[in-house]
Amino acid sequence: MIDFINLYLVPGLTIGSVYALGAVGISMIFGILRFAHFAHGDLMTLGGYGVLTAVWFIPIHPLLLLPFGIALAIVAALAVDQFFYKPLRKLPTIYTVIASFGVALIFRSLAQLFWSSGNQVFIPGVRMPVVLFDTFRISELHMQVIILTLIIAIALHFFLTRSKLGRAMRAVSDEPELAAVAGLDTERVIRWTWVIGASMAATAGVFAGMDTSMHPNLGWNLLLAMFAAAVLGGIGKPMGAIVGGLIIGVAEETATFTWFSDEAFISPSYKSAVAFFIMVALLLFRPQGLFKGRLL
Amino acid sequence: MEMTGLFFYLVSVLIAGGIYAVLCLALNVQWGMGGLFNAGIAGFFAVGAYASAIATTAMSSKHLGGFDLPIPFGLAAAMIVAGITGWVVAKICVRLKSDYLAMASVGIAEILRLVIVNESWLTNGSLGIAGVPRPFGNLVQGREADLLYLAVVWFCVLGVYILCQRLYVSPWGRTLRAIRDNEDSARAAGKDVDWFRLQTFVIGCAIMGLAGGLSAHYFKFLSPSATEPLLVTFLVWVMLMAGGSGNNRGAIVGALAIWFIWSATEIFTSRLPPEWVTRSSYIRMLLVGLLLQFVLQKFRSGLVPEKSPKIRSD
């Protein structure tokens, strides 16, 4: 049981936090701009590299340098929206989806050009886990990731329910035509969607890169699980995306636990298929997700 | 010497270009005619490559079979296995709308890749399958064999083109385009939309499998890295958008044009200063990404835009 918590549940919540933060952006972009953003994983990668570069120059704890990664991701997101997505906004959204594939390719090749294609670590050396109550052995990073994600989730909740801008975002997400008629500045809402989505993506990218290592495919490898999390939470429901991310993360990790016999339930090499099956099952049986998201 | 070198370089470019033309025609069936967003092209390509390789190689203890069948059987097996895979996928996913189908098909490509890497009894895992035969392999050797293979590949391109063209002008193709352009009215006219989509997806996947088989016999060796999902899937999408989706000739023209540009950038990047050469493949990838944006914004209907045939009224 202790092993289950130490080796499956906590790592699951950690990777789940990464999915959750990425899925918030995917869910909001899907809700407000109405397309599946396939470059979101690579936006995460850029954010991770932004912090990695800052660590080279300012040798303090990487999490304190998050603003650098966030700034890079925001600039990148606003630039591609301006140059590549905005000209296609009047067309069927599937063209923007195709464009986002190209943007994913652009982000990744830039990451490889500037930071090389190898694995890089934020802090070298092995770090000992913290022992709590003599039984739980949890790495410091995992605790930081889970706690920070909870704080961000709470802040986001208050932003979306209390602030004027947050309410405008929810209005555009629920009824774009009505929101436009009511005089909401749609382009401004879109800009802020990118700012929030990119900030969270960068944060998630740093978490993921610190947990393992930074490499150019980091974000792309997480993309499918983040889509699954966004669908699970309901498209356009940021809080749903957080819950969905945590569920997908825990499901992936615990699927490799020895549930019914001495053998792992699912071979660890097929871990990334778990998210896919959850996503397909959802799309077929409950496409609105757990939190009654919109259907596109 | 210089001239023959250049000639055989051109031959190799045209062989790969032909394989991409087949893929591009396949995507045109799914996206151009049917409006189905398949982002898992590399997966079906890989399935075809492995099916044909397993069917035609000599008996081996390292992977499934080695059935030593003639190559046409291998290519047929590639189409059948990729088609069946496509059928399973379509059965589950084809009801999903555009963006969701894109997400699901990315996942399918990923799962197919996982199976290929992990199930070593089937595919010899990351070590790959060696000794895949070339057609007429014992007749000619060396460079002349490339020339012969060029003919084989383009014979297949021609066959697929004729098939796709027939599909396009047939009542079946007309129904498909009606569904693509206005699903509700097609449904109201009594067309079984899901059934048409299923057929479209399966036909496209089978043709993608054929392209995979052709590439396996060309390289004679197959490893999971040969089916790098990004490059295959992305390039084919760029090719179809640039060539003109919905038009079979456009698909072939787009495949060749983009493949020539892609190959030419290789010549260009090999002349870069040495410290940049190692990064040349990333520069090329960047160029493909930018090219796609350019095509989408300025060039959406492609080099050869779609022209729907007139419907005879008799």
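Chain A is the first sequence line, chain B the second, and so forth, proteins listed ahead of strands; every chain is numbered from 1.
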In terms of heavy-atom pairs under 4.5 Å with chain B, the winner among A:A99, A:A228, A:A104, A:P92 is A:A99
Out of B:I108, B:L286, B:I283, B:L287, which one racks up the most heavy-atom pairs below 4.5 Å with chain A?
B:L286
Parallel, tilted or perpendicular for A:F101 and B:F37, by the 30°/60° rule?
parallel
For chain B, the option from A:V97, A:L110, A:L113 that forms the most heavy-atom pairs under 4.5 Å
A:L113
Sort out for me which of B:V106, B:D99, B:L292 touches chain A most, counting heavy-atom pairs under 4.5 Å.
B:D99
Using non-hydrogen atoms and a 4.5 Å limit, figure out which bit of A:S116 sits close to chain B: side chain, backbone, both or neither.
neither
Between chain B and each of A:A111, A:A273, A:S272, A:G102, count heavy-atom pairs under 4.5 Å; write down the option with the most.
A:G102
Is the number of heavy atoms from other residues, nucleotides or ligands under 6.0 Å of B:F260 CZ greater than 12?
yes
Checking heavy atoms, do the side chain of A:L283, its backbone, both or neither come under 4.5 Å from chain B?
both
Could you tell me the separation between the CE atom of A:M279 and the OH atom of B:Y100, rounded to the nearest 0.5 Å?
10.5 Å
Need one label for A:I106: side chain, backbone, both or neither, based on atoms under 4.5 Å from any heavy atom in chain B.
both
Rounded distance [0.5 Å steps], CH2 in B:W31 versus CD1 in A:I94
5.0 Å
Please examine the side chains of B:Q297 and A:Y95, heavy atoms only from C-beta on, and report whether any two atoms are closer than 4.5 Å.
no
Measuring heavy-atom distances to chain A, does B:L291 have an atom under 4.5 Å in its side chain, in its backbone, in both, or in neither?
neither
Who wins among A:T93, A:L88, A:V280 for the most heavy-atom pairs under 4.5 Å with chain B?
A:L88
Segment of B:V238 engaging chain A (4.5 angstrom heavy-atom cut-off)
neither
Looking at A:F227, A:Y270, A:F38, which one has more heavy-atom pairs under 4.5 Å with chain B than the rest?
A:Y270
Take A:F277 and B:I111, measure what side-chain contact (heavy atoms from CB on, under 4.5 Å) needs, and give me the verdict at the end.
CA-CA 10 Å; A:F277 282 110; B:I111 287 172; 4.1 Å; yes
Minimum side-chain heavy-atom gap A:V103-B:Q293 below 4.5 Å
yes
Heavy-atom check, side chain of A:I98 versus side chain of B:F234, under 4.5 Å:
no
Can you confirm whether more than 12 heavy atoms, excluding those of A:W56, are under 6.0 Å from its CH2 atom?
yes
side-chain contact (heavy atoms from CB on, under 4.5 Å) between B:L296 and A:F84: does it pass, once the steps are laid out?
CA-CA 9 Å; B:L296 279 171; A:F84 300 143; over 6 Å; no
Shortest non-hydrogen contact from B:M103 toward A:F30:
CE-CE1, 3.2 Å
Need one label for A:L223: side chain, backbone, both or neither, based on atoms under 4.5 Å from any heavy atom in chain B.
neither
Chain B contact via A:F83 - which portion, at a heavy-atom distance below 4.5 Å:
backbone
